[in-house]
Number of protein chains: 2
Amino acid sequence: MPTGTSTTSRPSGRPRGADTAARREDILRVAAELFSVDGYRGTSMSRVAKAAGISHTGLVHHFPTKDDLLGAVMDRRDELDTARAFADAGARPTGWDYLHAMVQMVRNNEEHPGMVRLFTTVSGEAVDPEHPANAWLRRHHEATVRRLRNAFQQAAEAGQLAPDAPLDAMCRLIVAAMDGLQTQWLTGTAPGMADELACLVEAFEARWRR
Amino acid sequence: MPTGTSTTSRPSGRPRGADTAARREDILRVAAELFSVDGYRGTSMSRVAKAAGISHTGLVHHFPTKDDLLGAVMDRRDELDTARAFADAGARPTGWDYLHAMVQMVRNNEEHPGMVRLFTTVSGEAVDPEHPANAWLRRHHEATVRRLRNAFQQAAEAGQLAPDAPLDAMCRLIVAAMDGLQTQWLTGTAPGMADELACLVEAFEARWRR
DNA sequence: CCTACCGATCGGTAGG
DNA sequence: CCTACCGATCGGTAGG
């Protein structure tokens, strides 16, 4: 009995479509782990292939270039990040509640050091305008700032924000604090991240909440 | 006439001691530039040598391993950083004044993008415990936190700090904000860093200054 | 002509 | 400090 014919029903042989999706997921998982420790520049395609249990050329078949692989890894990170954020709070909180939900999201991140390491390591390399993840980093920061800005504007419309509050600076500060706390947490300088971020939100409320 | 003998007076030939120090400084300057863009892992000894105008083995003569070179580059960064911090304020301010002086120091850093890039890029790689700059990164963060803690304790002794202020979290937040703002500034998400940091200090004062 | 790979090797470069 | 090299590994591609 021939295997891999062009007939529509295949009682034996490899289920091709499903295998491809599962294989890609395997690759993305091990690549994320390697990038998170050694960075994009410090990780070779061969090492990713070996960790995924396939050949180098097998890896290239799924991701033609190393840049393609990085892009897929970071897209997957964002998807998992968003999925977890939504799982925590069914509907997205608004106004100051959004800030407190963000603290909870950071507390959740303390259970996922691999994700935090991936973000921090790749961000460090990606400040170089020539780095393949530079556009991703800018997009990520701008999207995060935008969501914070929306929350502050909701607070303002509800009369809960001082009219002279420096909106943009506050948004950027929260993003900066989250990024910087990750570095300190990963190196052991800080025991956590959420309590520190909560301290920032508390100070903001003391100064600019109405 | 022989060149480079061990006699004390050399009317001709290369003044060796001076040359060595100057050459090392040249190497450290170009290495800092390369590390700041491509990172430690993304920079080769050969490329450093070429940029410094010497051979690969000539570079190895001054810095036996790549790790030695990185250590010297980061030590030099810290020296220049400290020198500029002292130049700004003759004596180190105390209490809340120290926080405001730090904002001024960050404003000064906006004139030195290369230094900021070096710090951010190497920090990103160095969260890996196996990275040669991991110890440097931890030392840097702990020293910065210690100086901030001293300042807050001076404020407390002067009765200018609420007794329930979360000292450690505040110190780590300031360090995190400085690090994170550097990333956003380098990628163009934020137009500056000092105004944002000043916003953090203002919020802290509103919440915990007495 | 398709898919999901394989073993082998391309021209160059890495740190030392 | 140079020329001349090493063992190995880089990202990417060949034909089958």
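The chains referred to below are lettered A, B, ... by the order of the sequence lines, with proteins before strands, and numbering in each begins at 1.
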Does A:Gly39 offer a backbone N or O that forms a donor-acceptor pair with the side chain of A:Glu125 under 3.5 Å?
no

Distance between C1' atoms of C:dT9 and D:dG11 (Å, rounded)
13 Å

Please step through salt bridge (Lys or Arg N to Asp or Glu O under 4.0 Å) for the pair B:Arg207 and A:Glu205, ending with a clear verdict.
CA-CA 8 Å; B:Arg207 178 64 185 85; A:Glu205 290 187 298; over 6 Å; no

Rounded to whole angstrom units, what separation is found between the CG atom of A:Leu34 and the P atom of D:dG11?
12 Å

Aromatic contact, A:Trp136 with A:His140 (centres under 6.0 Å)
yes

Taking all heavy atoms of A:Leu173 and all of A:Leu200, pick out the closest pair and write down the distance.
O-CD2, 4.2 Å

Return no unless some side-chain N or O of A:Ser44 is found under 4.0 Å from OP1 or OP2 of D:dT9.
no

Could you check if a side-chain atom of B:Met74 sits within less than 4.5 angstrom of a side-chain atom of B:Arg77, using non-hydrogen atoms only?
yes

For A:Asp26 and C:dA4, what is the distance between atoms CG and P respectively, to the nearest whole Å?
14 Å

State whether A:Arg23 places a side-chain N or O below 4.0 Å from either non-bridging phosphate oxygen (OP1 or OP2) of C:dA4.
no

Residues touching DNA chain D, which here means a heavy atom under 4.0 Å, drawn from residues 45-72 of chain A
A:Met45, A:Ser46, A:His56, A:Thr57, A:Val60, A:Thr65, A:Lys66

Consecutive Watson-Crick or G-U pairs in runs of at least 3, all under 3.5 Å, in which DNA chain C is involved:
none

Go through the steps to decide whether B:Asp128 and B:Arg41 satisfy the test salt bridge (Lys or Arg N to Asp or Glu O under 4.0 Å), and finish with yes or no.
CA-CA 12 Å; B:Asp128 173 17; B:Arg41 288 171 175 142; 3.0 Å; yes

Please find the pair of heavy atoms, one from B:Thr120 and one from B:Gln182, that lie closest to each other, and give the distance.
OG1-OE1, 3.4 Å

Using atom P of each nucleotide, how far apart are C:dA8 and D:dG12 to the nearest Å?
22 Å

Regarding B:Ser46 and B:Ser44, do their side chains bring together a donor and an acceptor under 3.5 Å, going by distance alone?
no

What is the separation between atom CD1 on A:Ile27 and atom P on C:dA4, rounded to the nearest whole Å?
11 Å

Give me the atom names and distance for the closest heavy-atom approach of B:Asp179 to B:His141.
OD2-NE2, 2.7 Å

Quantified in whole Å, what is the P atom distance between nucleotide D:dA4 and nucleotide C:dG16?
22 Å

